Structures are given as structure tokens and as C-alpha cells.
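Everything quoted here is computed from the prediction, not taken from an experiment.
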Amino acid sequence: MDQMLQCMEVNFRTCCDLLRYQQMKKASVVRDMDEFLDMLYPENTEEEQDESI
């Protein structure tokens, strides 16, 4: 049951992110998915930069 709830949460979050991306792209706030993800989850970008050093 916990795993099913966790999957549902991930799917809901993904759907919300996709809708948010579409709206922001229409408004010309972001150009592509990478820019959107960098804005939404900046901590992931910092971690990737640290790993490349």
C-alpha cells in the first residue's frame, strides 16, 4: 500500500510539473525543459556541477 501511494505521489507531482512547464513555456518564461528543471530544482544543478569538478 505504501508503495502504491508513493507511486501515485510521483505521478501527481510529474503531472503538475508538466502542466507548469507548458504554462511557463507559453508565457515565454522558459525556453526548454532543462531551463525549467534548473529553475524548479536548483539544488540538483549544484550537485551535478560539484560532481563534474
Side-chain angles (χ1 to χ4, degrees):
M1 184 65 143
D2 288 339
Q3 192 172 14
M4 287 176 63
L5 289 172
Q6 188 177 26
C7 288
M8 185 179 78
E9 179 185 345
V10 168
N11 288 334
F12 180 72
R13 184 178 296 169
T14 302
C15 287
C16 290
D17 286 348
L18 288 172
L19 289 171
R20 209 174 305 150
Y21 170 69
Q22 286 179 334
Q23 295 299 316
M24 293 176 86
K25 181 140 174 125
K26 278 184 187 178
S28 299
V29 176
V30 295
R31 290 176 292 207
D32 57 14
M33 183 61 80
D34 289 333
E35 186 177 359
F36 172 73
L37 291 174
D38 288 344
M39 186 181 350
L40 198 62
Y41 304 108
E43 65 277 356
N44 289 342
T45 305
E46 292 169 4
E47 289 174 9
E48 290 173 1
Q49 288 175 355
D50 290 344
E51 290 176 2
S52 65
I53 296 175

Just list the side-chain donor-acceptor pairs under 3.5 Å for residues 21-32, sequence neighbours left out, or say none.
unit_1: Lys25; atom_1: NZ; unit_2: Arg31; atom_2: O; d: 2.7
unit_1: Arg31; atom_1: NE; unit_2: Glu35; atom_2: OE1; d: 3.2
unit_1: Asp32; atom_1: OD1; unit_2: Glu35; atom_2: N; d: 2.9

Sequence neighbours left out, cut at 3.5 Å: what donor-acceptor pairs do the side chains of residues 2-11 make with other protein atoms?
unit_1: Glu9; atom_1: OE2; unit_2: Arg13; atom_2: NH2; d: 3.1
unit_1: Asn11; atom_1: ND2; unit_2: Cys7; atom_2: O; d: 3.3

Let me see the working for Met33 and Asp17 under side-chain contact (heavy atoms from CB on, under 4.5 Å), right down to the final yes or no.
CA-CA 10 Å; Met33 183 61 80; Asp17 286 348; over 6 Å; no
Only counting residues at least two apart or in another chain, list the ones meeting side-chain contact (heavy atoms from CB on, under 4.5 Å) with Cys15.
none
